[in-house]
Amino acid sequence: MKILIVEDEERLLEAISASLLKEHFVIESAGDYQTASEKIAVYDYDCILLDIMLPGGSGLQLLAELKRTHKSENVIIISAKDSLDDKLAGLELGADDYLTKPFHLAELNARVKAVLRRKKLDGKNSIETANILLDLNERRLSVSGEIVALNRKEFDVLNYFLLNMNRLVTKSSLAEHVWGDHIDQADNLDFIYYQIKNLRRKLQSANAAIEIESIYGIGYKMVEK
Amino acid sequence: MKLLNKSLKSLSFSILIIVTAWSVVFYINMLDEIHDSIDDGLENYKVLIIQKANTDSTLLKKKDFDESNYAIQEISKTSALARKDRYSDTLMYMQDEDDLEPVRMLTTAFEHQGHFYELKIINSMVEEDDLIEDLFWSVFWLYLILVVSIIIINNFVLRQLWEPFYNFLGQVTKFRLGSSKALPDIVTDVREFNLLKSAVNTLLQHSLETYAHQKEFIENAAHELQTPLAIATNKLELLLEKGDMEPAQAENIGEVLQIIERLVRLNKSLLLLTKIENKQFFDKQRISLNEVIKQSLEDLEEFAAFKNIEIRVYEQAELTVEMDPTLANIVVSNLVRNAIFHNIPEGEVYIDIEMDALTISNTGKKEPLEIDKIFKRFYKSTDKTGGTGLGLAIMKAICNLYGFKVSYRYLDEKHRFEIRSNNLNKNGF
């Protein structure tokens with residue numbers, strides 16, 4: 001899987017590449033409009049992360065170019081501008097997703113994987129790891145073929161963990177992904193702990209071959225047993 | 001005190017002084033003129049009587065005034081020679097008035113065939129007290145007429161003259177930075193008013209520019225912060241992921257990460273607030289707040305369950321508004337979230353939905369919040385929460401944008417927030 005990162009801020013580019021390299025993707029990068037334009041013209045990418053404000057031009061222009069060649073559907077816009085106009089313009093031009101800076105690496109990871117999965121389009125929309133199968137269409141979890149009942153949020157939590165297998169998922173990243181922007185209160189860190197405890201219990205009693213590890217009290221990591 | 005009344009006050013006071021002074025001078029002059037004219041008459045009379053005495057000596061026997069207005073008395077030569085014409089004011093009994101009345105008397109002396117006589121001629125005089133009284137009333141009426149005329153002039157003429165001023169003043173009063181489009185205008189050829197207009201408009205223009213710069217600055221600053229914050233967050237996440245740290249070090253980094261996240265939230269909230277105030281939300285849809293509330297409660301149900309908070313919703317009507325869906329969601333979720341997070345364990349939340357009002361009340365701290373501060377930016381009731389202190393300010397800004405009324409009350413040990421608008425149902429904007 002080949003991914004192009006178009007981002008002029010070098011350090012951010014570094015961090016994003018480092019994170020995506022852990023997922024064993026092939027990463028290419030472009031720091032300005034010109035380089036990006038050339039790369040897009042020559043190569044095909046499975047996913048393009050596109051910053052809007054670039055030296056030498058606008059990311060939206062690149063997107064328009066991509067749209068002309070029918071390659072815009074695997075673009076994720078990453079912008080510091082959380083403006084509705086930009087968002088609409090980007091999605092209008094066929095971008096798949098819009099992510100506002102700053103974002104959690106786990107969130108970016110999840111979005112990239114969602115784009116790649118949609119691109120594969122092999123009919124089945126599910127995640128399989130060890131003895132578990134998460135059916136995203138039916139929103140159903142089965143462990144060794146046995147269906148395990150999960151409520152809506154537990155399903156979302158598990159899905160997020162599976163998209164970030166073996167990766168650190170911070171509590172706030174998890175809360176933001178599953179519960180939206182309701183995170184800005186102090187007592188929700190205990191709340192997350194409580195939710196994870198429930199999910200762990202369910203996975204354990206279903207004999208799932210995966211588990212959720214705590215990482216330094218700041219977050220969690222899902223690993224195979 | 002109104003300018004009209006103030007000018008009336010000083011005008012009537014000065015007119016009173018002028019009119020009084022004038023009437024004193026007038027009185028003295030008039031009296032003088034009367035004396036002059038009576039004295040001339042007496043003089044003339046004197047000449048006539050002396051001439052008549054030459055032909056008719058019976059005249060000389062007339063010792064009392066009786067029916068006529070003169071009296072003659074013989075006197076010695078020495079006293080006659082010492083005598084000069086003397087005019088004097090005196091009182092004399094008048095039959096018709098049955099009272100002593102003021103008269104003007106000329107006392108003189110003349111010689112007739114070697115005899116000397118004293119002649120006294122009188123003429124009735126104006127009564128000074130009557131004159132003063134008459135004059136007083138004339139002056140009083142004059143004064144009254146003057147004041148009444150000034151009031152009328154003030155009310156009709158001056159009011160008309162000042163009308164552009166009051167109009168302008170009304171526009172300036174209503175002028176709001178950021179929401180008023182046109183600068184206050186004045187249509188007049190009065191130089192002072194035009195000067196006032198240009199002075200006020202220069203000032204407003206300056207304020208508008210400062211206001212725009214400030215908004216732009218907040219927006220740009222917040223935008224510019226996003227990328228460094230993104231780098232910091234992502235680098236720390238990668239560092240933590242490496243997993244080769246001592247737990248204590250990792251915890252420290254975790255704390256730093258949380259602080260950065262707080263910065264991110266603060267930054268996002270400031271951006272949102274700026275956007276609301278810049279009216280950068282134009283998506284207007286018909287939204288059922290009942291639905292938004294249901295959605296919000298669903299999002300927050302685990303939080304409520306975690307704190308064992310009971311939420312009761314009373315849907316008395318369908319509350320529909322025309323507004324941006326994102327903003328509608330922010331208003332509702334901010335209120336619901338506050339009601340849950342600032343609650344006590346095992347607490348209660350009541351949500352009342354009416355045709356034109358949404359009320360959310362909750363148990364919580366057993367004392368009212370500071371009503372004049374809660375909607376201000378960075379207000380926090382307790383410092384233990386990691387909140388930005390912008391939630392209610394954002395909600396208020398959104399409500400202001402759509403003309404909804406927000407109020408807070410502490411009633412029956414419950415914190416009660418109400419959003420109300422008369423046109424909540426018709427057209428939100």
Side-chain angles (χ1 to χ4, degrees), chain A residues 7-16 18-19 22 51 53 78-85 88 100-106 108 151-154 166-173 175-176 178-192 194-195 198 215-219 221, chain B residues 223-235 237-238 240-241 243 245 247-251 253-255 257-258 260-262 264-269 271-272 275 280-283 296 298-303 306-307 324 326 330 333 337-338 340-342 384-388 390-391:
Chain A
E7 166 65 60
D8 63 320
E9 184 67 42
E10 210 175 305
R11 293 181 180 274
L12 189 60
L13 185 70
E14 259 172 48
I16 295 173
S19 168
K22 288 189 181 182
D51 190 7
M53 284 186 279
I78 42 172
S79 172
K81 249 175 136 180
D82 184 18
S83 110
L84 191 67
D85 290 343
L88 289 177
T100 311
K101 287 181 203 170
F103 43 77
H104 294 284
L105 289 174
L108 178 72
N151 68 31
R152 208 161 48 87
K153 298 290 165 62
E154 284 167 343
N166 295 313
R167 300 291 304 270
L168 167 76
V169 173
T170 59
K171 283 180 181 173
S172 51
S173 157
E176 239 177 82
V178 178
W179 285 274
D181 258 340
H182 299 295
I183 182 82
D184 63 342
Q185 311 282 344
D187 44 7
N188 59 39
L189 292 183
D190 295 338
F191 164 75
I192 296 288
Y194 175 76
Q195 300 296 320
N198 285 348
I215 307 282
Y216 307 123
I218 185 82
K221 182 154 88 173
Chain B
H223 266 148
E224 291 302 319
L225 278 172
Q226 304 280 61
T227 306
L229 287 171
I231 298 168
T233 312
N234 296 351
K235 291 254 166 184
E237 281 175 346
L238 283 173
L240 280 170
E241 228 176 18
M245 267 178 290
Q249 288 173 320
E251 252 169 60
I253 291 180
E255 274 167 31
L257 197 57
Q258 269 171 27
I260 294 173
E261 270 155 17
R262 206 168 137 188
V264 170
R265 287 197 297 273
L266 203 59
N267 207 33
K268 277 188 181 165
S269 302
L271 260 176
L272 178 65
K275 271 160 88 180
Q280 285 172 355
F281 287 87
F282 294 109
D283 195 16
S296 194
E298 217 175 290
D299 290 340
L300 291 160
E301 62 176 305
E302 287 94 357
F303 288 95
F306 182 61
K307 282 183 92 171
D324 186 283
T326 318
I330 290 170
S333 68
R337 195 167 60 195
N338 277 346
I340 293 173
F341 283 112
H342 296 293
K384 79 168 172 81
T385 59
T388 56
L390 288 169

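Here is the naming used below: chain letters follow the sequence lines, and residue numbers restart at 1 for every chain.
Here CD1 of B/Ile231 is found 7.5 Å from CD of A/Glu7. Values are rounded to the nearest 0.5 Å. Note: A/Leu108 CG to B/Glu237 CD = 10.0 Å, rounded to the nearest 0.5 Å. The distance from atom CD1 of A/Ile78 to atom CD of B/Gln226, rounded to the nearest 0.5 Å, is 13.0 Å. Rounding to the nearest 0.5 angstrom, the gap separating the CD atom in B/Gln249 from the OH atom in A/Tyr216 is 8.5 Å. Put simply, CG on B/Leu271 and OG1 on A/Thr100 are 10.0 Å apart, with the number rounded to the nearest 0.5 Å.
Taking chain B as the reference chain and counting heavy-atom pairs below 4.5 Å, the highest number among A/Lys153, A/Glu9, A/Glu14 is found for A/Lys153. For the set B/Ala232, B/Pro247, B/Ala250, the count of heavy-atom pairs under 4.5 angstrom toward chain A peaks at B/Ala250. Of the listed residues (B/Glu251, B/Met245, B/Glu224), the greatest number of heavy-atom pairs within a distance under 4.5 Å of chain A belongs to B/Met245. With chain A as partner, the option from B/Leu229, B/Leu238, B/Thr233 having the largest number of non-hydrogen pairs under 4.5 angstrom is B/Leu238.
The aromatic rings of A/Trp179 and B/Phe303 sit perpendicular to each other, their planes meeting at more than 60°, with 30° as the lower class boundary.
In summary, the side chains of B/Glu261 and A/Ser172 do present a donor paired with an acceptor at a separation below 3.5 Å, with no hydrogens or angles considered.
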With side chain to side chain contact (heavy atoms under 4.5 Å, CB included) as the criterion, how do B/Leu240 and A/Ile215 come out once you've worked through the C-alpha distance, each side chain's angles and the decisive distance to 0.1 Å? CA-CA 8 Å; B/Leu240 280 170; A/Ile215 307 282; 5.5 Å; no
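For B/Lys268 against A/Glu176, the heavy-atom pair with the smallest separation is NZ-OE1, 4.2 Å. Pairing each heavy atom of A/Ala15 with each of B/Lys235, the nearest pair is CB-CE, 4.3 Å.
The 12-atom threshold is not exceeded at CD of A/Glu10, counting heavy atoms of other residues, nucleotides or ligands nearer than 6.0 Å.
When the options A/Leu168, A/Asn166, A/Leu105 are evaluated for a side-chain contact (heavy atoms from CB on, under 4.5 Å) with B/Glu241, the one that passes is A/Leu168.
Interface remark: B/Ile260 contributes no atoms to any contact with chain A (heavy atom separation under 4.5 Å). Contacts of A/Thr170 with chain B are made by side-chain atoms alone, with heavy-atom separations under 4.5 Å and no backbone atom involved. For A/Arg152, the part lying near chain B is the side chain, with the backbone staying farther off; criterion is any non-hydrogen pair under 4.5 Å.
For the pair B/Asn234/A/Pro102, no side-chain contact is recorded, criterion being any heavy-atom separation below 4.5 Å from C-beta on.
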